[in-house]
Each structure stands twice: as structure tokens, then as C-alpha cells.
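One structure is given here, and the rest of the page talks about it.
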2 protein chains.
Amino acid sequence: MPQVAIIGAGFAGLSAAAALRQAGHDDFIVLEARDRVGGRTRAGRIGDLTVDLGGMWMSPHDDRLGALAARHGVRTYPTFLDGRAVFRIGDRERLGRREDLAPLLGVAGGLAFLAARWKLQRLMAPLDTARPWAHPQAALLDATTVETWIARNVRHRLTRTAFRTACATLLCAQPSQVSLLFFIHYIKSGGGIDRLISADTGGAQNLAFHGGVHAIARAMADGLGDRLRLGTPVDRIDWHADGAVLHCGGDTLTARRVIVTVPPTLLHRIRFSPALPEPKEALHDRLAMGASIKFYILYDRPFWRDAGLNGTILRDGVPIAPVMDVTPPGQPHGLLVGFFDGEEAIRHADRPVAARRAAALDLLTRHFGDRARDPLGYIDHDWTSAEWSGGCYGAYAPPGIFARYGEWLRRPIGPLHWAGTETSPDHTGYIEGAIRSGERVAAEIMAPAHTE
Amino acid sequence: MPQVAIIGAGFAGLSAAAALRQAGHDDFIVLEARDRVGGRTRAGRIGDLTVDLGGMWMSPHDDRLGALAARHGVRTYPTFLDGRAVFRIGDRERLGRREDLAPLLGVAGGLAFLAARWKLQRLMAPLDTARPWAHPQAALLDATTVETWIARNVRHRLTRTAFRTACATLLCAQPSQVSLLFFIHYIKSGGGIDRLISADTGGAQNLAFHGGVHAIARAMADGLGDRLRLGTPVDRIDWHADGAVLHCGGDTLTARRVIVTVPPTLLHRIRFSPALPEPKEALHDRLAMGASIKFYILYDRPFWRDAGLNGTILRDGVPIAPVMDVTPPGQPHGLLVGFFDGEEAIRHADRPVAARRAAALDLLTRHFGDRARDPLGYIDHDWTSAEWSGGCYGAYAPPGIFARYGEWLRRPIGPLHWAGTETSPDHTGYIEGAIRSGERVAAEIMAPAHTE
């Protein structure tokens with residue numbers, strides 16, 4: 001019987017496995033429901049290029065992802081930023097540097113942005129991302145939606161729209177759906193709002209991977225050999241203080257410790273016996289997943305650059321935002337990535353791919369001209385319908401949940417330990433958070449209390 | 001092949017079946033996952049009495065439930081109200097008539113209550129319970145939690161506590177968790193807040209049933225014969241425009257129309273192929289169930305009446321609220337019913353029954369004296385852990401969901417039709433709403449467009 005069963009071969013599960021091996025603990029097994037590894041990262045093909053249909057970016061602050069990329073020889077390249085981005089909010093359209101809000105929002109709007117950001121920072125200051133529920137105003141912040149906060153604290157119409165768009169872009173959920181406590185936790189966990197919305201040096205959208213970040217997940221999996229079992233959803237876990245029996249279809253498997261990395265909203269797919277503590281179930285029943293459809297469009301060349309544009313489109317009033325130029329250097333084509341986020345993803349999920357392609361081409365034609373009408377290819381991936389993800393990028397907390405039950409995200413229960421990006425105090429919602437959660441949970445089960 | 005498959009034998013499914021039969025459509029089948037009928041009503045025994053461990057009350061406004069009770073010869077009796085109730089909010093304790101708030105809240109608090117109720121009524125006035133998402137301020141109200149509304153609109157500390165307690169008591173959820181749009185829809189659907197919190201004539205807690213309301217469900221089921229299949233959860237539904245194939249364990253069953261009455265938060269237990277429209281899935285993924293544990297305590301006689309008390313306890317600061325005297329007339333014993341609601345239910349669900357019993361007896365001893373220490377019996381039922389309910393009394397909408405996706409609660413999808421108390425414009429969340437939803441859905445599938 002293996003010492004440790006790891007459920008899920010996304011970056012959390014693979015990182016837990018890697019950490020166990022590095023510590024000399026080879027007696028584990030990784031069970032993955034899908035027929036592939038990578039979780040909310042996955043590879044796709046457009047033209048001759050391999051692209052990330054899920055998580056794709058790294059910031060220079062992502063230490064653990066950077067280390068994995070170096071170890072497995074997967075190289076990065078920067079999101080293309082030379083030139084001007086297209087900004088549009090309300091009826092105001094500007095071309096400019098991506099981080100430069102003044103031309104777009106105007107002086108009054110820009111000042112309103114600075115004031116609101118300062119207020120957010122004041123709210124975040126006493127928040128410990130390891131224990132956000134211990135914030136001195138936790139109950140109050142958790143009783144409030146992000147939308148209520150925006151309506152009361154952001155003084156300028158365009159700036160309110162900018163904040164709403166930022167929330168939808170970051171969490172793939174509408175500000176009316178999200179707890180303010182969860183929102184500030186998420187932002188602080190990622191290093192602040194400037195970093196999270198930036199593709200510039202230091203920003204969360206700064207670096208993409210040649211061949212896709214998914215190549216790292218595959219490389220990590222390659223070393224696992226028959227300790228990795230694909231196509232093996234776990235239906236039931238019978239557990240007691242010293243171990244567990246996992247039921248996978250007709251098979252059963254015993255383990256002393258179990259690391260569960262499934263997306264937190266899909267925990268109900270596993271029947272636990274005895275049932276999990278009610279606060280844990282209440283939490284997972286009430287968390288919701290963001291909704292996202294990600295697309296790529298390939299052109300024969302990045303023609304928008306001829307007009308001094310860098311391919312970025314940041315705007316409201318269309319179903320798509322943002323768009324960025326993620327053309328890999330060293331090849332002739334031009335590659336744009338874009339997203340249907342939040343309610344737009346839900347609205348477009350049932351439409352045929354051709355309709356989503358048309359919506360994307362309409363937008364690009366409007367801003368980049370008629371040449372955008374004729375791409376070499378379009379590909380998209382609807383994460384809202386992904387059976388073993390249930391959405392992307394991550395889970396969010398509606399009001400009234402996180403302050404009460406958030407601690408149950410990663411509190412061990414008997415032999416059960418919990419990982420996944422949502423459990424990470426740092427970089428929660430990002431690949432980096434998933435990796436850190438895997439390394440944390442491996443340390444947790446190797447801690448003295450658990451070595452016998 | 002039956003014309004109609006009804007999933008669920010709660011009051012919604014049983015009422016749909018009854019309506020089909022009355023219209024001469026005998027070609028249906030009812031599939032129930034549990035080994036019993038009644039859904040969120042169920043019978044229990046304490047001493048010689050049969051009691052309702054789930055839904056139990058009828059108001060005189062519950063026309064359809066009243067008609068069913070008359071048809072099946074199940075008689076009602078009123079909740080006992082002669083004498084004084086115990087009220088306590090904050091550090092203020094009073095004895096008085098149940099609906100009389102002034103002694104408890106004081107003059108200022110009473111005025112604050114009237115002012116807040118008036119504001120709620122103004123919000124409710126333009127709301128059409130058949131289309132709450134069409135409220136002129138739907139988006140705004142749906143972006144707000146009930147807690148935010150209370151904090152801004154209720155001017156007195158004790159009155160705020162009273163409103164919070166009312167929300168938790170009505171919805172079995174905390175005001176920080178609930179959309180204000182959903183809340184006013186729920187209240188208006190039930191005839192207003194006065195009616196919903198009242199046990200007096202016309203109130204929602206006015207009439208209980210000899211032998212339990214569950215006896216009505218059983219009587220309805222008795223007539224179904226082998227058209228009712230218990231212990232038959234539906235795992236999968238393959239559907240197309242003209243019909244569906246239902247998979248139940250190893251069995252399959254075809255039908256032209258399917259009526260789905262499962263609690264809205266458990267819809268994910270059925271795999272639909274093709275998948276349901278994404279807005280429908282988004283709605284059901286994000287709705288949450290209230291949490292409730294209901295208990296009964298039986299005494300040799302209703303001794304609290306000797307002191308002029310009517311057995312009602314309405315208070316904050318304890319895990320239990322409310323308590324009421326539901327002693328059936330014509331027998332010597334005294335019967336109290338009480339609830340752990342919302343977060344208190346979640347907190348107490350993992351505790352042993354003995355601990356919940358002790359908490360209940362502590363409260364009763366405090367208010368009714370030492371005689372309360374020695375009951376003939378205690379029984380409770382934890383609905384939060386009920387596999388095929390997932391909570392009680394009903395589902396609630398967190399913010400940002402109901403205005404966007406609420407219409408999908410009952411919008412037919414191909415051969416799939418939706419019932420259950422949450423789909424009812426009137427008396428939603430109550431047995432009456434479940435019955436009306438069943439009758440509505442039966443009419444829906446018998447409408448000319450669907451007769452061939």
C-alpha cells in the first residue's frame with residue numbers, strides 16, 4: 001500500500017509528487033481523472049504552434065514556477081508590449097501605454113482611480129493572506145460585494161467601469177458576485193492590483209512559455225512512470241484516522257495519507273465516508289468557479305505592429321477582454337490571445353465556435369482593420385464546460401462564506417490533506433499558487449507528527 | 001414508454017402526478033432516489049406521536065395544501081399561542097404577545113422596525129414574483145447582500161439584530177450570504193414579512209397537521225401503485241427535442257417529457273447529455289441551500305403553560321431559534337419544536353445528538369425552569385447532511401446570480417421541465433410552493449404545444 005495517494009495531476013498534485021520524491025519518499029501514487037496531466041493548463045495547436053489553452057503566464061515573482069521552468073528547460077518569452085495598446089471605456093477610446101490610465105480616464109477619472117486604489121490598499125494592509133478570516137474587519141468585508149464597494153468608493157463613472165472590468169478579468173466573475181474580503185485577499189496574495197493587471201516586467205501577464213507552460217506539467221509527469229494513473233477518477237474515499245481506502249470505478253486502493261487537489265467546487269464528486277465536517281462541506285458547496293473561454297487567433301504576420309500597435313486591447317462594452325499579442329519570437333506569424341470572461345463566458349459557452357470566432361474577428365477588425373478578417377486559424381477552449389475543472393481560472397467566494405469557513409480550505413482532516421491553487425496564501429488562483437500548495441502539502445504530510 | 005417521467009416524489013412531483021391523473025393522463029412514472037416519498041417532509045416518532053421532521057406548517061393562504069389536506073382527510077391544529085412568548089434580543093428580555101415588538105425593541109427600536117419594514121415594502125412594490133429579474137432595480141438589488149441593506153437601512157441596534165435573526169430564521173442562511181433581490185422576492189412570494197414570521201391566524205406557522213403533513217404525501221403516493229419507483233436515483237438523462245432516455249443504475253427508461261423536481265443545488269447529480277445550457281448550469285452551481293436542524297422535545301405535559309407561557313421562544317444569542325409549542329390537542333403530553341438555523345446548523349451538524357439535545361435543554365431550562373431538564377424524549381433531524389436534500393428549507397441565491405440567471409429556474413429545455421418549490425412564484429420555499437410548481441409543470445406539459 002502506498003504511503004500517499006495524490007488525487008489530481010495538475011500543478012498542485014505534480015508539485016506534491018516532486019516534493020515527496022526530492023525528500024526521498026517514493027511511495028506514492030497520483031490518480032488523475034482526465035486522460036492528461038496539467039489540470040487547468042492544457043496544450044492546443046494552432047498552425048505549427050503549441051499554445052496554452054489554460055493557464056499560460058509567469059511573472060518574475062513566480063519563484064517556484066521559474067525554478068520548474070529552469071529545471072525542465074522550458075524557456076519563456078515576454079508578452080509583446082512595444083507600441084501602443086487600444087484602451088476603450090464607455091465612449092472614450094485612446095491609444096497608449098498599457099499601464100497609463102490618465103489618457104483614458106482623464107484627470108478626474110485618474111484621480112478617482114488613485115483614490116480607490118489607495119482605499120483598497122488600506123483595506124488590504126491588515127490582511128494576512130495566510131489567515132484572511134482574521135482581518136479585523138473580516139465579517140464586515142465579507143458581508144459586502146465588490147460591486148457595493150465600487151459603487152460607494154469609486155467616484156468617477158469611467159473609473160467604476162474600469163474597476164468592474166478588472167474584477168471580471170481577474171476572477172472571471174462579476175463584482176456583484178464576489179465577497180470584498182475574498183477580493184482583497186486575492187489581490188494581496190498576488191502582490192497587488194498593479195502587478196496582477198500588468199503584462200510589463202514584474203506583471204502577472206509578463207512571460208509566456210515556448211511550447212506552452214503545459215510542457216512543464218508533461219515533463220514533471222514523465223518522471224512519474226507507473227506512479228501516475230490517468231483516466232482514474234476517485235468516486236469514494238473511506239477514511240479513518242490512520243488511512244483511507246480510495247474507490248476508483250471498480251478498483252480500490254489504500255493509502256496512509258491522501259492529498260486532494262481537485263478544484264474546490266468539484267469536491268462533491270467524491271463521496272467521503274464518514275462525511276467531511278459540515279463547515280468544510282458548506283464551504284465547498286458555496287464556492288463558485290470563475291467562467292472563462294480562452295481563444296487564440298493566428299495571422300501570417302503581426303500586421304498590427306505596422307501601425308504602431310502592440311496588439312493589446314483593453315476595453316469594456318464587448319464580450320471579449322483583454323486581447324494580447326503573445327507571438328513567440330523566432331517565427332514569422334502573429335499570435336493573439338483573448339478571453340471571454342465571467343458572464344460573457346457563460347453567455348458564449350453554448351454558441352458554436354464559429355459564432356465565438358466571429359465575435360473575436362469583429363473586435364479585431366474594429367481595432368486593427370480589415371486585415372484582421374483573414375486569420376490563418378482560430379482555436380478556443382471553453383473552461384466552463386470542462387468536466388474536471390468546472391470553470392477557470394479559479395474559485396471565488398460569494399459573500400458570507402470566506403470569513404466563516406475559509407480556514408477549512410486547507411485544514412487537514414484525519415488522513416486527508418488539501419492542495420490546489422485556492423489553498424495557497426501566495427499567488428492564489430495562479431499556477432505559482434498551485435505549485436506552492438503542492439510543496440506545502442508535501443511538507444505537511446512529511447512533518448514529524450505524521451512520520452511513523 | 002411512458003409519456004412523462006417525474007423525477008422526485010416530494011410534494012412537487014406528487015402534485016404533478018396528481019394533476020396529470022386528474023386530467024386523464026395516466027401514462028407517467030415517478031422516480032424517487034430515496035426509499036420514501038415526501039422530499040423535504042418526512043415523518044419521525046417521539047413517544048406515541050408522529051411528527052414532521054421537515055416541512056410541517058400550513059397557513060390559511062395555502063390553498064392547494066389545504067385542498068390536499070381536505071381530500072386526504074388530514075386534519076390541522078393551530079400552533080399553541082395562548083399566553084406569553086419569551087422574547088430576547090441583545091440584553092433585553094420580555095414576555096409578550098408574539099407579534100408585539102414594542103415591548104422588546106422599545107419605542108425607538110419599534111419605530112426603526114416600522115421604518116425598515118416600510119422601506120422593504122417600497123422595494124417589493126414593483127417586484128413581480130413571476131419575473132423578479134424584471135424589477136426596475138434588479139441589478140442593483142442583486143448586487144447587494146441583505147446584510148448591507150440592514151446595515152444601511154435599519155437605524156436601531158436591536159432592530160438590526162431582529163432583522164438578521166428574521167433572515168436566518170426564514171432562509172436558514174446568514175444575511176451576509178443572501179442577495180437582497182432574492183430576499184424581497186422570497187418575502188413577497190410568501191405574502192409579506194408579517195405573514196412569514198407569524199404563527200397567528202394567517203401566518204406561515206399557524207397550522208400543523210395531526211399525524212404530520214407527511215401523511216398527505218404518503219396518501220398521494222398510495223394511489224400511484226407501481227407508477228412510483230422508490231430507491232431509483234437517476235444518474236443520467238440523454239435528451240433531444242422529442243424525448244429522453246433516463247439512466248437509473250443499470251436500468252434505462254424512455255419518456256417523451258421529463259419533470260425534474262430535485263432540489264436545485266443537487267442538479268449536478270444528474271449528468272445531462274447534451275449538457276444543459278450554460279446559464280442554467282451557472283445558476284444551479286451557484287445557488288446554495290439553507291442549513292437547518294429541526295428538533296422536537298416531548299414532556300409529560302405542557303408545564304410552561306402553568307406559568308402563562310405559550311412555549312414560544314424568539315431570541316438571539318443562542319444557537320436555537322425559534323421554539324414553539326406544537327402540542328397536538330386531545331392528548332396529555334407537551335410537544336415543543338425548535339430549530340438550529342443557518343450557521344448554527346452548520347456548526348451543530350457534526351456534534352453528537354446528545355450535545356444538540358443538551359443545547360436545547362439548556363435553553364428551555366433557562367426560560368421554562370428546571371422542569372424542562374427532564375423530557376420524555378428528544379428527536380432531531382439534520383437536513384444539512386440529508387443526501388437527497390442537501391439542506392433545508394430551500395435554496396437561496398447569493399448576490400449576482402438571481403437577476404442574471406433566475407429565469408432559468410423553470411424555463412423548459414427541450415423535453416425537460418422543472419418543478420420544485422424554488423421554481424414557484426408564489427409561496428416559494430414552502431410546501432404550498434412545491435404543490436403549485438407541480439400543478440404548473442403538469443399544465444405546462446399538457447399545453448397544446450406539447451400534445452401530439
Side-chain angles (χ1 to χ4, degrees), chain A residues 139-152 173-181 265-266 268-269 271 274-283 285-289 291 293 342-343 345-351 382 384-385 387 390-391 396-405, chain B residues 139-152 173-181 265-266 268-269 271 274-283 285-289 291 293 342-343 345-351 382 384-385 387 390-391 396-405:
Chain A
L140 180 67
L141 299 175
D142 199 35
T144 306
T145 66
V146 175
E147 175 60 31
T148 294
W149 183 84
I150 291 172
R152 279 201 251 178
Q174 307 315 119
S176 59
Q177 297 168 339
V178 180
S179 151
L180 180 58
L181 179 68
T265 56
L266 301 184
H268 59 72
R269 299 263 181 89
R271 175 193 284 242
L276 298 178
E278 193 57 36
K280 173 90 177 161
E281 297 207 347
L283 173 70
D285 284 350
R286 286 162 179 76
L287 292 174
M289 278 304 264
I293 301 171
E343 66 179 344
I346 291 168
R347 188 172 293 148
H348 283 81
D350 299 322
R351 298 194 181 158
D382 170 19
T384 69
S385 310
E387 181 179 6
Y396 69 88
I401 308 305
F402 201 54
R404 280 189 178 80
Y405 309 120
Chain B
L140 180 67
L141 298 175
D142 198 35
T144 306
T145 65
V146 175
E147 175 59 33
T148 294
W149 183 85
I150 291 172
R152 280 201 251 178
Q174 306 315 119
S176 59
Q177 297 168 338
V178 179
S179 152
L180 180 59
L181 179 68
T265 56
L266 300 184
H268 60 72
R269 299 262 181 89
R271 175 192 284 243
L276 298 178
E278 192 58 35
K280 174 89 177 161
E281 296 207 346
L283 173 70
D285 284 351
R286 287 163 179 76
L287 291 174
M289 280 302 265
I293 301 171
E343 64 178 346
I346 291 169
R347 187 172 294 149
H348 283 80
D350 299 322
R351 298 193 182 160
D382 170 17
T384 69
S385 309
E387 181 179 5
Y396 69 88
I401 308 305
F402 201 54
R404 280 190 178 79
Y405 309 120

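So that the names make sense, note that chain A is the first sequence line, chain B the second, and so on, each numbered from 1. Every heavy atom of this structure was used, including side-chain atoms; hydrogens, water molecules and symmetry mates were not.
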Looking only at B:E281, B:R152, B:H348, most heavy-atom pairs under 4.5 Å shared with chain A are made by B:R152
Which of the residues B:T148, B:D142, B:L287 is involved in the greatest number of heavy-atom pairs with chain A at under 4.5 angstrom?
-> B:T148
Checking heavy atoms, do the side chain of A:P277, its backbone, both or neither come under 4.5 Å from chain B?
-> both
Give, as side chain, backbone, both or neither, the part of [X] having an atom under 4.5 angstrom from any heavy atom of chain A.
| X | answer |
| --- | --- |
| B:R351 | neither |
| B:Y396 | side chain |
| B:E147 | side chain |
| B:R269 | neither |

Using every non-hydrogen atom in the two residues, find where [X] and [Y] come nearest and quote the distance to one decimal.
| X | Y | value |
| --- | --- | --- |
| A:A288 | B:R286 | CB-CG, 3.8 Å |
| A:T145 | B:T145 | CG2-CG2, 4.1 Å |
| B:R404 | A:S176 | NH1-OG, 3.3 Å |

Is a side-chain donor or acceptor of A:R347 paired with a backbone partner of B:P279 at a separation under 3.5 angstrom?
-> no
With side chains defined as the heavy atoms from C-beta onward, is the minimum distance between B:E278 and A:S385 less than 4.5 Å?
-> yes
What's the spacing between B:Q174 CD and A:I401 CD1 if we round to 0.5 Å?
-> 9.0 Å
